[in-house]
Amino acid sequence: MVDLFLALKRPGYPNAYVYNTGQWQKYQDTLLLPAFKLSEAGRLRLCEKLIDYGLFRFTKSRPVGREKARVRLFEEIVKAYPRSRQKGERSGCILQGISAGYMKADRPHLYLIVDKTRSGSAKQFRIGDIDGYVGLDLEVTVEVKDMALTGANTLGEVGGFLLKVVENRVMGVVIVAAADEEAIDIVRSHTAVTLTLADILDAVSRWDWRKQEAAVQGLIHFLAHVEQNPDAVSRLLAFIRDADPSHESLLHLE
């Protein structure tokens with residue numbers, strides 16, 4: 001009977017095998033003997049009444065999961081959203097937005113400072129494109145390049161950033177579209193790490209929906225309020241509409 005009610009998703013059914021075994025003698029005359037005296041039809045009727053009683057008395061448990069899984073939207077964006085320069089969008093702004101969203105979700109304890117693409121971090125008294133602080137302390141700085149880093153171009157593209165990482169003794173992260181082993185070694189020799197899109201996708205694939213959603217909101221915020229580019233926002237929302245038609249951000253889609 002216990003297995004039946006568990007199968008019917010009524011976990012409130014009493015289940016205490018060891019305890020009940022020691023109590024049978026209390027009910028020998030009042031319950032057990034009368035039950036065994038019943039005919040086959042009587043025992044069937046008794047079982048039916050017990051089942052009806054259990055179905056009425058014990059609440060059915062709700063399903064743990066959803067009938068349809070929610071779309072893991074940030075994963076889809078990293079994997080498939082076109083980052084090639086579009087009319088009205090600065091080159092690299094999408095990867096910078098993805099990076100800002102990634103950092104916001106992955107390190108919510110940091111206060112992130114990020115500016116428009118190609119704004120010049122030095123002029124803004126920043127080290128990288130994204131700086132993460134705890135109070136007065138710079139904890140991590142991120143340089144974003146939507147390109148493939150190689151051993152030949154690494155120092156030319158991110159050498160200045162890497163020197164500042166060493167000078168300021170902070171954690172440095174270089175986010176790029178791709179990187180070869182020589183480039184990764186050069187970055188590592190400057191006490192920094194390389195994150196390619198493949199690395200980000202691998203990490204994000206293990207995030208739960210809520211964490212991915214925080215990254216999506218960080219990307220939308222960057223395009224709308226940092227980059228201040230309504231065309232880029234509209235293009236992203238059109239992608240979201242196709243990937244997840246129920247996403248709340250679509251309330252802002254004209």
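Because the structure is a prediction, the values reported are computed rather than measured.
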State, yes or no, whether a side-chain contact exists between [X] and [Y] at a heavy-atom distance under 4.5 Å.
| X | Y | value |
| --- | --- | --- |
| Val165 | His190 | no |
| Leu149 | Glu182 | no |
| Val173 | Ile130 | no |
| Ile94 | Leu236 | no |
| Val176 | Asp146 | no |
| Phe222 | Ile98 | no |
| Thr117 | Glu227 | yes |
| Ile240 | Leu237 | yes |

Lys/Arg-Asp/Glu bridge criterion (N-O < 4.0 Å) met for [X], [Y]:
| X | Y | value |
| --- | --- | --- |
| Lys164 | Glu167 | no |
| Arg188 | Asp185 | yes |
| Glu89 | Arg235 | yes |

Does any N or O in the side chain of [X] come within less than 3.5 Å of the main-chain N or O of [Y], such that one atom is a donor and the other an acceptor?
| X | Y | answer |
| --- | --- | --- |
| Gln96 | Asp115 | yes |
| Arg126 | Val114 | no |
| Thr196 | Ala179 | no |
| Asp129 | Ala100 | no |
| Asn153 | Gly156 | no |
| Ser234 | Asp231 | no |

- Query: When hydrophobic residues are tied together by side-chain contacts of less than 4.5 Å, even through go-betweens, does Val134 share a cluster with Met171?
  - Reply: yes

- Query: In terms of hydrophobic clusters joined by side-chain contacts under 4.5 Å, are Ile175 and Leu163 together?
  - Reply: no

- Residue pairs involving residues 236-253 (criterion salt bridge (Lys or Arg N to Asp or Glu O under 4.0 Å); sequence neighbours excluded): none

- Using the side-chain hydrogen bond (donor to acceptor under 3.5 Å, both in side chains) rule, collect all pairs that involve residues 212-223, keeping only residues at least two apart or in two chains. Glu75-Gln212, Glu213-Gln217, Glu213-His247

- Please report the closest heavy-atom contact between Arg72 and Trp209, naming both atoms and the distance. NH1-N, 4.3 Å

- Query: Do the rings of Tyr102 and Trp207 sit parallel, tilted or perpendicular, given the 30° and 60° boundaries?
  - Reply: parallel

- Message: Can you list, by chain and residue number, the hydrophobic cluster partners of Ile186 when the side-chain cut-off is 4.5 Å?
- Response: Leu155

